[in-house]
Amino acid sequence: MNDIKLALLGSQGAGKSAVLVRFLTRRFIGEYASNTNSLYHKRLSIDGRQLNLEVFDPCSQGSEARCILEEPVDWADGFVVVYNISDRTSFINAKNILRQIRETRMENCKGEMDVPVCLVGNKQDLCHARQVREDEGRGLAQENRCNFQEVSAAESYQDIANLFTQLIRRVMEHLKYRADRRRYSGSKSMAKLINNVFGKRRKSV
Ligand SMILES: Nc1nc2c(ncn2[C@@H]2O[C@H](COP(=O)(O)OP(=O)(O)OP(=O)(O)O)[C@@H](O)[C@H]2O)c(=O)[nH]1
């Protein structure tokens with residue numbers, strides 16, 4: 001069974017809990033406690049594979065709260081970064097969060113392929129009050145080589161289910177890549193060791 005760890009990041013009130021609860025329960029619940037960190041668990045089957053999904057929904061992060069961010073950035077295998085399409089400040093905050101994910105990951109996992117991230121523009125039902133155009137969201141996602149989806153946690157389940165499914169697939173590929181890489185560098189250093197021990201002896205025969 002694979003363990004997959006995701007973290008949801010974004011501004012206060014962007015709808016992180018609403019998006020996650022929609023995915024986990026198919027329901028929209030209007031209000032959520034926002035002063036605690038929550039860890040959700042779910043067993044899933046994707047492409048015939050059984051998965052243990054853990055999702056970390058931290059209490060809100062302001063753009064200045066780098067220390068709160070670093071914990072989930074180290075822990076998670078993939079990220080959902082949520083902004084509210086009717087709140088430009090939340091979009092700017094999402095931009096900062098994407099940069100911080102990139103920087104923290106670059107420091108910790110040198111040379112690894114990009115960690116899977118999905119940028120989500122929530123509250124699509126509030127398009128009459130839109131402050132962030134869809135192409136701006138798409139452009140930011142392209143710059144950061146991540147997936148992008150506009151959704152409405154209030155109105156629809158399917159888009160949210162699709163984005164989580166795609167993200168989980170990318171996380172599984174990423175974890176496999178990391179495991180293969182570790183195995184490869186392990187066997188390379190073993191080959192080096194064998195060469196060091198026996199290579200010299202062979203030369204002197
Ligand atoms: N119209 C609309 N409102 C939404 C949507 N998603 C969430 N909301 C509302 O936005 C508010 C904030 O939603 P939350 O899910 O608590 O947001 P959050 O990002 O988890 O907020 P914090 O826990 O404070 O960080 C709540 O009043 C939700 O009912 C949506 O798609 N459309």
Side-chain angles (χ1 to χ4, degrees), residues 4-42 44 53-101 104 115-138 140-141 144 146-168:
I4 305 274
K5 300 197 282 287
L6 302 180
L8 274 118
L9 302 171
S11 289
Q12 182 167 20
K16 299 179 293 296
S17 306
V19 166
L20 177 59
V21 171
R22 189 52 119 164
F23 171 60
L24 297 175
T25 69
R26 292 180 174 242
R27 290 167 55 216
F28 175 66
I29 300 162
E31 297 304 321
Y32 308 85
S34 63
N35 52 356
T36 53
N37 292 330
S38 308
L39 188 63
Y40 295 81
H41 298 265
K42 191 177 171 78
L44 292 176
L53 178 68
E54 282 186 299
V55 190
F56 183 50
D57 180 8
C59 59
S60 288
Q61 313 93 32
S63 50
E64 72 289 349
R66 190 173 179 120
C67 52
I68 303 175
L69 249 178
E70 276 172 1
E71 213 175 298
V73 169
D74 285 340
W75 172 84
D77 303 313
F79 299 90
V80 180
V81 177
V82 183
Y83 67 91
N84 168 359
I85 65 146
S86 65
D87 173 12
R88 178 154 288 275
T89 309
S90 73
F91 182 66
I92 294 165
N93 196 24
K95 206 182 243 186
N96 289 331
I97 290 170
L98 290 172
R99 183 177 41 76
Q100 288 180 34
I101 292 174
T104 310
V115 62
V117 179
C118 184
L119 176 66
V120 176
N122 186 37
K123 308 199 186 182
Q124 200 183 28
D125 54 294
L126 301 183
C127 56
H128 51 278
R130 183 186 278 280
Q131 292 184 1
V132 185
R133 294 188 320 272
E134 187 169 3
D135 64 291
E136 290 181 275
R138 200 170 298 288
L140 179 61
N144 286 277
C146 64
N147 291 8
F148 172 70
Q149 182 71 53
E150 276 199 358
V151 302
S152 167
E155 290 190 342
S156 108
Y157 163 74
Q158 203 52 53
D159 289 342
I160 292 177
N162 291 347
L163 82 85
F164 272 95
T165 306
Q166 277 181 27
L167 181 65
I168 291 168

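Scope of the values below: all heavy atoms of this structure, side chains included, with no hydrogens, waters or symmetry mates. Each ligand, and each atom within it, is numbered from 1 in the order the structure gives.
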Check each atom of ligand 1 against the heavy atoms of [X] and keep those under 4.0 Å away; list them by number with element.
X: A18; result: 6 (N), 7 (C), 15 (O)
X: A153; result: 6 (N), 31 (O)
X: D125; result: 1 (N), 2 (C), 30 (C), 31 (O), 32 (N)
X: S152; result: 31 (O)
X: K16; result: 15 (O), 17 (O), 18 (P), 19 (O), 20 (O), 21 (O), 22 (P), 25 (O)
X: Q12; result: 24 (O), 25 (O)

> Would you say S11 touches ligand 1, if touching means a heavy atom closer than 4.0 Å?
Replying inline: yes
>> Can you tell me if G13 contacts ligand 1 (heavy atom of the residue under 4.0 Å from the ligand)?
In response: yes
> When only distance counts, is S17 in polar contact with ligand 1, meaning an N/O pair under 3.5 Å?
Replying inline: yes
>> What I want to know is whether F28 and ligand 1 share at least one N or O pair that is separated by under 3.5 angstrom.
In response: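 Such a contact does not occur with ligand 1.
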>> Can you tell me which portion of N122 lies within the under-4.0 Å heavy-atom range of ligand 1? Options are side chain, backbone, both, or neither.
In response: side chain
> Considering only heavy atoms, does L126 approach ligand 1 within less than 4.0 Å through its side chain, its backbone, both, or neither?
Replying inline: side chain
> Hey, is CZ on R88 packed in by over 12 heavy atoms from elsewhere, all under 6.0 Å?
Replying inline: yes
>> Run Y83 and T89 through side-chain contact (heavy atoms from CB on, under 4.5 Å) and show every step you take.
In response: CA-CA 9 Å; Y83 67 91; T89 309; over 6 Å; no
>> Can a side-chain donor-acceptor contact be found between N84 and S90 if the only test is distance below 3.5 angstrom?
In response: no
> Side chains of Q166 and N162: donor-acceptor distance under 3.5 Å anywhere?
Replying inline: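 There is no such pair (donor and acceptor under 3.5 Å, judged by atom type) between the side chains of Q166 and N162.
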> Is E150 salt-bridged to R130, cutoff N-O under 4.0 Å?
Replying inline: yes
>> Just so I know, are the side chains of L167 and L6 near enough to count as touching, which here means a heavy-atom distance under 4.5 Å?
In response: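 They are in contact (side-chain heavy atoms under 4.5 Å apart), so the answer is yes.
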> Do F56 and K5 touch side chain to side chain, with heavy atoms closer than 4.5 Å?
Replying inline: no
> How far does CD of Q100 sit from CG of L98, to the nearest 0.5 angstrom?
Replying inline: 10.0 Å
